[in-house]
Novice: 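Below are the structure tokens for one structure; questions will follow.
Throughout, a chain's letter reflects where its sequence line sits, starting with A, and its residues are numbered from 1.
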Number of protein chains: 2
Amino acid sequence: MILLMASRAPSHDTWTIAQIAAEFGVTHRTVRHYEELGLISPERRGTARVYRRRDRTRLALILRGKRLGFPLEEIRTIIDLYDAPRGKTSQLEYAISQARIRRVELEARRRDLDDALAELAAFEASCRADLDSSGLRT
Amino acid sequence: MILLMASRAPSHDTWTIAQIAAEFGVTHRTVRHYEELGLISPERRGTARVYRRRDRTRLALILRGKRLGFPLEEIRTIIDLYDAPRGKTSQLEYAISQARIRRVELEARRRDLDDALAELAAFEASCRADLDSSGLRT
DNA sequence: CTTTACGTTGACGTAAGCGTCAAGCGCCGG
DNA sequence: CCGGCGCTTGACGCTTACGTCAACGTAAAG
């Protein structure tokens with residue numbers, strides 16, 4: 001049970017835009033678009049973008065947010081929350097309040113998701129019942 | 001435990017576009033847009049649209065699909081699946097296979113959602129820990 | 001009979017999220 | 001030195017999901 005492989009061991013510590021795009025299954029245009037919107041901000045070596053682990057983490061968060069149906073601007077505020085400075089008490093309290101808001105939102109979506117799954121399971125069962133009965137009579 | 005109230009008892013059996021839109025918190029333009037894409041197809045009384053319970057059900061499915069981030073075209077195929085004729089065996093088998101595809105997709109999103117919730121909870125806990133320790137030292 | 005309210009069909013506008021050129025720069029092998 | 005490959009920056013295009021007029025019909029209300 002401890003046979004979990006390290007999922008995608010990072011063989012480098014920097015990546016080019018092509019490597020990042022290929023690995024995450026998006027185009028370089030998409031990556032640049034996220035940068036234009038301020039969701040990621042890679043370093044530069046000369047004019048070329050250099051991506052580090054931090055950028056990969058953020059990109060993973062972006063894509064997951066997209067799969068969950070969040071707009072990019074909202075995704076930006078969410079992942080900025082994770083990376084925000086947390087020095088002062090007021091900042092910590094703000095972060096916690098924002099996290100609570102996000103949690104409530106995510107829990108609502110989870111209810112939607114569970115409802116959809118339940119309906120789908122019922123539908124599937126109903127189809128199977130029809131299939132069995134028609135099969136038995138044939 | 002049998003105290004479940006009928007949620008939103010339907011006081012009519014037909015509705016106007018304005019009533020439907022207001023009840024679901026969308027504009028009439030949105031409702032018409034869904035009709036243009038074939039997601040709902042209300043009856044007509046003269047030229048005016050008349051919405052029945054079936055349309056309300058479909059609209060609820062549409063909006064939930066949207067909250068889960070599905071494009072309208074995909075939502076159409078999903079709810080059409082629910083309403084599709086299920087007479088012949090081949091149709092039943094097709095419906096079941098499609099339902100399985102949807103279920104796999106929804107389960108994947110649920111993993112995303114649970115991951116996001118777990119990370120958010122960890123973040124919140126971390127913030128609270130920082131807040132407590134700074135509070136204790138003050 | 002006219003106003004008012006609510007409905008209708010176009011048709012164009014717009015924001016988000018990229019796709020798709022076009023044109024240029026920098027480095028590396030031959 | 002020169003081609004090619006990979007990277008760069010625009011800039012325009014396209015699809016989705018509506019918003020927003022405009023112009024008109026119709027039915028009840030005054």
Novice: Starting from C1' on D/dC5, measure out to NE2 on A/His28 and report it in whole angstrom.
Specialist: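 Those two atoms, NE2 and C1', are 14 Å apart.
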Novice: Can you tell me how far apart CZ (B/Arg49) and NE2 (B/His28) are? Round to the nearest 0.5 Å.
Specialist: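 Those atoms lie 9.0 Å apart.
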Novice: Do A/Leu113 and B/Leu106 make a side-chain contact, defined as non-hydrogen atoms from C-beta onward lying under 4.5 Å apart?
Specialist: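 They are in contact (side-chain heavy atoms under 4.5 Å apart), so the answer is yes.
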Novice: Once you round it to whole Å, what is the distance between C1' of D/dT8 and CD of A/Glu35?
Specialist: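 That distance rounds to 11 Å.
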Novice: Quick one: pull up OG1 in B/Thr30 and CG in B/Leu63 and give me the separation to the nearest 0.5 Å.
Specialist: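 Interatomic distance, B/Thr30 OG1 to B/Leu63 CG, rounded to 0.5 Å: 9.0 Å.
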Novice: How many angstroms lie between CG in B/Asp130 and NZ in A/Lys88, if you round to the nearest 0.5 Å?
Specialist: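 Nearest 0.5 Å value for the CG-NZ distance: 15.5 Å.
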Novice: If two hydrophobic side chains count as joined below 4.5 Å and joins carry through other members, does A/Phe24 share a cluster with A/Val31?
Specialist: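 Yes, A/Phe24 connects to A/Val31 through the hydrophobic network.
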Novice: Side chains of B/Gln98 and B/Asp80, heavy atoms from C-beta outward: is any pair under 4.5 Å?
Specialist: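 In short, these two side chains do not touch, never coming nearer than 4.5 Å.
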Novice: Quick one: what's the B/S/- string for nucleotides 12-18 of chain D, heavy-atom cutoff under 4.0 Å, read 5' to 3'?
Specialist: -----BB
Novice: May I ask you to say what A/Arg45 touches in the nucleic acid, namely base, sugar-phosphate or nothing, with a heavy-atom cut-off under 4.0 Å?
Specialist: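 The residue A/Arg45 makes no contact with any strand.
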Novice: Measuring from B/Arg76:CZ to B/Leu37:CG, what's the distance to the nearest 0.5 Å?
Specialist: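 B/Arg76 atom CZ to B/Leu37 atom CG measures 7.5 Å (nearest 0.5 Å).
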Novice: How long is the straight-line distance from CD of A/Glu124 back to CG of A/Leu131, given to the nearest 0.5 Å?
Specialist: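 Answer for the CG-CD pair, A/Leu131 versus A/Glu124, is 11.5 Å.
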Novice: So, does A/Arg49 get its side chain near the phosphate of D/dC7, meaning an N or O under 4.0 Å from OP1 or OP2?
Specialist: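 A/Arg49 to D/dC7 OP1/OP2: no side-chain N or O under 4.0 Å.
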Novice: Anything under 4.0 Å to a heavy atom of chain B counts; send over the first and last such nucleotide of DNA chain C, read 5' to 3'.
Specialist: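 So the contact region on DNA chain C extends C/dG7 to C/dA11.
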Novice: D/dT26 P sits how many Å from B/Ile17 CD1, rounded?
Specialist: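 Value for this atom pair: 18 Å.
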Novice: Round to a whole Å and report the spacing from CZ of A/Arg32 to C1' of D/dC7.
Specialist: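 A/Arg32 atom CZ is separated from D/dC7 atom C1' by 10 Å.
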